[in-house]
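Per chain, numbering begins at 1; letters A, B, ... match sequence-line order.
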Protein chains: 2
Amino acid sequence: MKEMEGYDASKYERPSVTVDVVIFALHKGDLHVLLIQRKRPPYQDMWAIPGGFVQMNESLEMSARRELMEETAVADVYLEQLYTFGAPNRDPRTRVITIAYIALVPFSTINPKAGDDAAETAWFPMNKLPTVAFDHAEILGYAFTRLQYKLEYTTVGFELLPDHFTLTELQHAYESILGEKLDKRNFRNKIMAAKILKESGKMKQEGKGRPARLYHYRKDAAAEIKTRRLFP
Amino acid sequence: MKEMEGYDASKYERPSVTVDVVIFALHKGDLHVLLIQRKRPPYQDMWAIPGGFVQMNESLEMSARRELMEETAVADVYLEQLYTFGAPNRDPRTRVITIAYIALVPFSTINPKAGDDAAETAWFPMNKLPTVAFDHAEILGYAFTRLQYKLEYTTVGFELLPDHFTLTELQHAYESILGEKLDKRNFRNKIMAAKILKESGKMKQEGKGRPARLYHYRKDAAAEIKTRRLFP
DNA sequence: ACAAAAGTGTTGAGAGTACACCCATGC
DNA sequence: GCATGGGTGTACTCTCAACACTTTTGT
């Protein structure tokens with residue numbers, strides 16, 4: 001802030017500041033992202049991450065939540081600041097710095113574009129993304145890497161599931177995001193040992209085969225665990 | 001970016017955007033931060049994290065490196081984006097959004113404020129910080145937590161040491177940042193097993209007691225290791 | 001010779017990983 | 001009764017953590 005001494009706001013040209021929200025959900029066993037289709041140049045008709053300008057009287061997180069509300073009509077979902085992207089020419093029109101957020105929503109709870117203006121929105125599986133506008137491919141890649149990473153040492157994965165879920169559903173969620181198969185017995189042993197799930201007493205009735213126990217996530221459980229250190 | 005369709009830059013009031021750089025170094029066995037003393041209101045005479053406005057034609061990282069150069073006259077040091085702080089009233093004058101960075105510098109390589117204007121700068125040990133301006137206490141706390149955290153699963157710790165160092169010096173660096181004593185044999189076994197150090201063949205001559213081997217960091221070594229998962 | 005710091009291995013406990021079969025339900 | 005997915009335990013390996021003495025130098 002040193003250079004703000006003797007400061008006169010008007011003498012500095014200021015960049016535009018936006019917030020973009022990468023909205024993840026699990027659908028049919030695959031991780032999806034919500035994108036909106038642009039109606040005007042630049043990048044007309046291309047898909048883009050939902051976002052908008054930061055208003056002068058709202059915090060960055062409030063701004064992100066407002067975007068999220070506009071696109072999915074859900075509140076109270078997991079939201080985390082990802083990274084700030086500010087390459088001088090990432091938007092061809094003018095200097096735009098964007099603070100990117102990640103949101104994790106249970107797919108079933110949202111009614112897409114319920115609260116929204118007429119913009120076209122759609123869910124895309126992460127492994128079949130369309131060409132996206134601006135530097136949004138970089139942002140999506142960064143967001144996906146961060147999600148995979150956090151999945152390994154936090155419990156954010158639960159935020160993608162409905163209130164009640166079976167252990168098999170949970171395991172599939174992990175497998176699909178991490179991109180690898182996990183051992184059923186080890187998965188169940190480890191997750192039960194962590195004591196972060198509670199049996200709901202109910203059973204899943206739909207589907208074939210033996211009905212599965214439904215669990216739910218204990219939000220009071222510790223969100224992170226100690227990881228193995230590189231050096232002790 | 002949805003709301004940027006049909007966009008006219010002039011119709012949005014824009015916040016100011018700054019970059020703040022939390023500069024860490026190890027000095028006399030303790031982690032220190034470089035702060036500058038403010039010469040004008042608000043928060044006159046208080047200490048603050050060095051920073052400045054983002055220029056229209058420079059990237060965020062370039063902006064952070066420029067600040068770093070101005071304060072410490074070092075280039076080519078470790079620099080990492082930390083978090084973006086944007087509470088509406090964090091600066092009482094106007095809306096200022098700041099992208100905070102962390103820099104790790106070897107204390108010996110810097111000549112403080114060599115390339116700088118006349119602002120008063122000083123190093124403070126992390127456990128004896130003065131009262132700081134704006135929301136800088138929050139930023140410093142966040143930066144410190146992140147540094148501790150990364151120390152455990154990356155090799156960023158080496159960035160705080162000079163080119164050549166002894167294993168005891170390295171261990172002291174870890175101990176002082178993590179705030180706990182480590183076992184000498186375990187520390188040495190584990191760090192040598194990681195194969196990220198090379199003997200320089202030289203010995204440390206100064207000091208009492210048996211001379212110590214000097215090592216240096218193999219920059220080609222993998223920067224991160226796989227951590228223990230919460231669930232596999 | 002003594003003070004000061006460098007250097008060096010082993011053992012027991014706990015966690016990770018690999019692995020195969022029986023169970024409950026719907027049709 | 002059979003197809004479908006749910007549910008369960010053990011043995012081996014590897015990593016972690018605790019722990020004490022000898023070596024090299026300067027004075």
Side-chain angles (χ1 to χ4, degrees), chain A residues 26 28-29 151-153 155 161-162 164-176 178-216 222 224-232, chain B residues 28-29 151-153 161-162 164-176 178-216 222 224-232:
Chain A
L26 275 173
K28 297 196 187 300
L151 213 58
E152 297 196 348
Y153 66 96
T155 57
L161 292 169
H164 295 264
F165 49 84
T166 69
L167 292 182
T168 302
E169 287 166 350
L170 180 62
Q171 184 178 343
H172 286 345
Y174 271 83
E175 287 177 339
S176 118
L178 296 176
E180 59 180 303
K181 287 272 176 231
L182 304 174
D183 179 83
K184 184 160 64 162
R185 274 171 296 188
N186 291 342
F187 183 84
R188 291 159 103 100
N189 287 342
K190 194 156 184 183
I191 203 166
M192 295 318 285
K195 297 198 168 98
I196 49 181
L197 293 188
K198 258 174 77 176
E199 276 194 59
S200 72
K202 295 174 187 171
M203 293 288 192
K204 176 159 186 167
Q205 289 308 343
E206 24 173 334
K208 7 186 190 178
R210 175 174 169 178
R213 286 198 259 261
L214 287 167
Y215 291 84
H216 59 99
E224 302 201 2
I225 55 147
K226 204 66 184 167
T227 59
R228 177 182 304 181
R229 289 181 178 176
L230 178 50
F231 314 117
Chain B
K28 298 197 186 298
L151 213 58
E152 297 196 348
Y153 64 96
L161 293 168
H164 295 264
F165 48 85
T166 69
L167 292 182
T168 302
E169 286 166 350
L170 180 62
Q171 183 177 344
H172 285 345
Y174 271 83
E175 287 176 338
S176 114
L178 295 176
E180 58 180 303
K181 286 274 176 232
L182 303 174
D183 179 84
K184 183 160 65 161
R185 276 171 295 186
N186 290 343
F187 182 83
R188 290 159 103 102
N189 288 342
K190 194 158 184 183
I191 205 164
M192 296 319 283
K195 296 197 167 89
I196 49 182
L197 293 187
K198 259 175 75 176
E199 274 195 59
S200 73
K202 295 174 185 170
M203 291 288 192
K204 175 156 189 170
Q205 290 305 345
E206 22 171 334
K208 10 186 189 177
R210 175 174 169 177
R213 286 198 259 263
L214 287 167
Y215 290 85
H216 60 98
E224 302 203 0
I225 56 147
K226 202 68 184 167
T227 59
R228 178 181 302 181
R229 290 179 177 178
L230 179 49
F231 317 116

How many whole angstroms separate atom [atom1] of [X] from atom [atom2] of [N]?
X	N	atom1	atom2	result
D183(B)	dG9(C)	CG	C1'	12 Å
R213(A)	dT25(C)	CZ	P	11 Å
L214(A)	dG6(D)	CG	C1'	12 Å
F187(B)	dT15(D)	CZ	C1'	17 Å
K202(A)	dG6(D)	NZ	C1'	20 Å
I191(A)	dG16(C)	CD1	P	14 Å
L182(A)	dG16(C)	CG	P	14 Å
L167(B)	dG7(C)	CG	P	6 Å

Considering only nitrogen or oxygen atoms on both sides, find all protein atoms under 3.5 Å from nucleotides 21-27 of chain D and state each distance.
unit_1	atom_1	unit_2	atom_2	d
dT23(D)	O2	R210(B)	NH1	2.9

If you compare all heavy atoms of L197(A) against all heavy atoms of I191(A), which two are closest, and at what distance to 0.1 Å?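 It is CD1-CD1, 4.1 Å.
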
So which heavy atom on L167(B) is nearest to which on F187(B), and how close?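 Here L167(B) and F187(B) meet closest at O-CE2, 4.0 Å.
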
Given 3.5 Å as the limit, does a donor-acceptor pair link the side chain of S176(A) with the main chain of G29(A), or not?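 Judged by distance alone, yes, a pair lies under 3.5 Å.
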
For R213(A), is there any backbone N or O sitting under 3.5 Å from a side-chain donor or acceptor partner on E199(A)?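 No; zero donor-acceptor contacts below 3.5 Å.
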
Any donor-acceptor pair under 3.5 Å between the side chain of N186(B) and the base of dC16(D)?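 Not at all, since no donor on one side and acceptor on the other fall under 3.5 Å apart.
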
Is any side-chain heavy atom of M192(B) closer than 4.5 Å to a side-chain heavy atom of Y215(B)?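 Of all side-chain heavy-atom pairs linking Y215(B) with M192(B), at least one is under 4.5 Å.
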
Reckon R188(A) touches a base, only the sugar-phosphate, or nothing at all at heavy-atom distances under 4.0 Å?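 It contacts base atoms.
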
Partners passing side chain to side chain contact (heavy atoms under 4.5 Å, CB included) against K204(A) (at least two apart in sequence or in another chain):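 So K204(A) forms a side chain to side chain contact (heavy atoms under 4.5 Å, CB included) with T166(A), E169(A), E206(A), L214(A).
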
My understanding is that only residues two or more places apart in sequence, or in another chain, count here; which of them pass side chain to side chain contact (heavy atoms under 4.5 Å, CB included) with R185(A)?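 If we apply the side chain to side chain contact (heavy atoms under 4.5 Å, CB included) test to R185(A), skipping adjacent residues, the hits are D183(A).
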
On DNA chain C, check which nucleotide each of N189(B) and E169(B) is closest to and give me the residue with the more 5' one.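 Going by which nucleotide is closer to the 5' end, it is E169(B).
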
So, OP1 or OP2 of dA6(C): does either fall under 4.0 Å of a side-chain N or O from T168(B)?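 The answer is yes; a side-chain N or O of T168(B) sits under 4.0 Å from OP1 or OP2.
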
